[in-house]
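Just below is one structure, and these are the notes that go with it.
Numbered from 1 within each chain, the chains take letters A, B, ... in sequence-line order.
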Number of protein chains: 2
Amino acid sequence: MRGFAEMQRPQTVAEQVANVLREAIADGSLAAGTALRQDDLALRFGFSRMPIRDALRQLDAEGIVQIHPTKGAHVASMDATEIREIFALRDLLESEALSLSIPTLGDDKLDEAAEVLARIDAEPDVARWGVLNRTFHLALYSACGNARLLSLIEAHHNAADRYVRMLLSSLDYRGVSQAEHRDLLAACRKRDAAEAVSVLKKHLSDGMETLAKAGMLRKG
Amino acid sequence: MRGFAEMQRPQTVAEQVANVLREAIADGSLAAGTALRQDDLALRFGFSRMPIRDALRQLDAEGIVQIHPTKGAHVASMDATEIREIFALRDLLESEALSLSIPTLGDDKLDEAAEVLARIDAEPDVARWGVLNRTFHLALYSACGNARLLSLIEAHHNAADRYVRMLLSSLDYRGVSQAEHRDLLAACRKRDAAEAVSVLKKHLSDGMETLAKAGMLRKG
DNA sequence: TCTCGTATACTCGTATACGAGATTTCTGTA
DNA sequence: TACAGAAATCTCGTATACGAGTATACGAGA
């Protein structure tokens with residue numbers, strides 16, 4: 001993944017379409033299970049089917065949509081076990097990244113994370129909490145020294161984004177979440193990796209539990 | 001990743017092309033950095049560029065090739081840090097999978113793994129060791145109860161396959177590797193998760209070290 | 001001889017077109 | 001009325017075509 005691929009890449013239509021679709025799926029305007037017809041999308045976006053196909057394949061690779069040959073693409077619908085799997089992986093990956101990151105984590109990153117927390121408090125638009133949430137977490141992991149680990153974490157955030165947003169749209173959970181975020185940040189400031197990891201694990205399991213209570217883990 | 005995608009899928013041309021290319025890259029006949037021209041491949045495979053494009057995009061998602069708009073696709077070349085990152089992730093992911101799997105791992109899977117080891121001993125064709133190696137490992141993890149974790153592990157095996165094959169083509173490392181495999185299997189038979197994980201970690205770090213000694217971790 | 005500009009060739013991204021398979025709808029019969 | 005079979009429609013996979021951007025090669029000028 002290094003080398004020539006690092007230069008600035010021309011943005012292709014397919015990438016732009018993928019970005020728009022990813023956001024639409026994350027914010028719920030494209031519900032789970034929705035069929036993504038190539039012709040429809042091509043018409044709607046004003047391009048031909050080819051870049052749409054590329055975008056769909058990209059999202060398929062990210063796990064956000066499922067493609068079946070001759071049957072087309074659908075917005076991936078996760079059932080309870082899949083969400084549990086994703087949260088289990090997040091626990092594993094993010095715990096590792098956090099404990100790797102803390103020893104060399106600079107104050108600038110911590111300040112950045114703090115600022116994101118403030119922005120979450122101030123942000124009225126629910127749709128923006130998802131990205132801010134992700135930004136906060138990734139800032140804390142940024143010094144982990146393993147780029148591949150970071151992109152894996154980001155991918156799982158993307159995959160679970162829809163469900164996290166459901167969580168965040170509940171106002172009281174948002175308070176809990178923010179409190180845990182501040183605990184996490186405090187532990188990081190103390191450079192106490194063990195405590196930070198335990199706070200993170202609690203944060204994730206609280207999220208799972210809230211999802212379960214809300215009954216979101218029953219239906220596909 | 002569940003649902004309708006699980007039914008039997010018609011095999012599309014793109015998938016077949018992707019499989020052939022993946023194997024060619026893994027066995028070294030397509031060296032790292034090689035440019036993959038869509039026209040060339042289309043001509044060689046006897047199809048148009050469209051399914052080739054799909055295949056390349058698929059492999060790009062797997063991290064095996066890099067695609068740059070207007071510059072085309074190249075076989076991904078990993079430098080030392082990337083290989084280290086992959087092995088670090090394998091350590092993390094496979095240790096977790098193994099310790100999750102062992103408590104419920106059935107004897108049938110253990111026998112299966114043992115049989116794969118025998119086949120590795122008997123197999124004269126170097127090109128086949130890579131898949132057998134992967135099959136062995138995945139058999140031990142198969143009861144981990146997290147399908148996503150398993151496919152993540154498989155993806156990382158694929159990404160590192162080329163380098164693992166370099167390792168395996170060295171006869172004396174192959175001996176070390178097989179010995180470690182048998183230790184691992186023995187620990188699993190005892191259902192001793194802690195020991196199994198420690199053997200696995202040693203197995204992986206030995207592999208890394210052998211790669212480093214062979215100087216494969218210097219150049220991109 | 002070296003450097004820079006231009007022209008040519010190459011490669012990719014995207015558009016359009018066609019055929020195959022699947023799904024739906026319609027029709028005829030039990 | 002319910003069901004089976006056939007026709008029509010829909011959707012995708014693949015092929016071909018075109019335009020744009022990039023790299024390369026060649027020639028002119030310093």
Legend entry - B:R49 side chain, from C-beta outward: closest of C:dT23, D:dA17, D:dA23: D:dA17

Inset, instruction - Taking only Lys NZ, Arg NE, NH1 and NH2, and the carboxylate oxygens of Asp or Glu, determine whether B:R119 and B:E112 approach each other closer than 4.0 Å. - result: no

Inset, instruction - Would you tell me if any nitrogen or oxygen in the side chain of A:R37 comes within less than 4.0 Å of OP1 or OP2 on D:dC10? - result: no

Inset, instruction - Take atom CG of B:L43 and atom C1' of C:dC10, then tell me their distance rounded to the nearest Å. - result: 15 Å

Inset, instruction - Indicate whether OP1 or OP2 belonging to D:dA20 is found under 4.0 Å from a side-chain N or O atom of B:T70. - result: no

Legend entry - side-chain hydrogen bond (donor to acceptor under 3.5 Å, both in side chains) partner of A:N133, chosen from A:H157, A:H181, A:R128: A:H181

Legend entry - Any A:D54 side-chain heavy atom under 4.5 Å of A:T12 side chain: no

Inset, instruction - Could you walk me through whether A:E94 and A:R90 pass salt bridge (Lys or Arg N to Asp or Glu O under 4.0 Å), step by step? - result: CA-CA 6 Å; A:E94 298 189 27; A:R90 283 191 58 185; 2.8 Å; yes

Inset, instruction - In whole angstrom, give the distance that lies between atom CG of B:L41 and atom C1' of D:dT14. - result: 16 Å

Legend entry - Nearest-Å distance for atom pair CG/P, residues B:D39 and C:dA9: 16 Å

Legend entry - Phosphate-side-chain proximity, B:Q38 and C:dC10, N/O vs OP1/OP2 below 4.0 Å: no

Legend entry - Value in whole Å for how far the P atom of C:dA15 lies from CE of B:M50: 11 Å

Inset, instruction - Nearest whole angstrom, please: distance from the P of D:dG13 to the CD of B:Q58. - result: 13 Å

Legend entry - Under 3.5 Å on both distances, the Watson-Crick or G-U partner of D:dG29: C:dC2

Inset, instruction - Taking only Lys NZ, Arg NE, NH1 and NH2, and the carboxylate oxygens of Asp or Glu, determine whether A:R134 and A:D161 approach each other closer than 4.0 Å. - result: yes

Legend entry - Touch class at under 4.0 angstrom, heavy-atom based, for B:L36 against every strand present: sugar-phosphate

Legend entry - Any A:R53 side-chain N or O less than 4.0 Å from OP1/OP2 of D:dG13: yes

Legend entry - d(CG, B:L56; P, C:dT11) in whole Å: 14 Å

Inset, instruction - Nearest whole angstrom, please: distance from the C1' of C:dT16 to the CZ of A:F47. - result: 16 Å

Legend entry - Whole angstrom value for the distance that separates C1' of D:dT14 from CG of B:D54: 10 Å

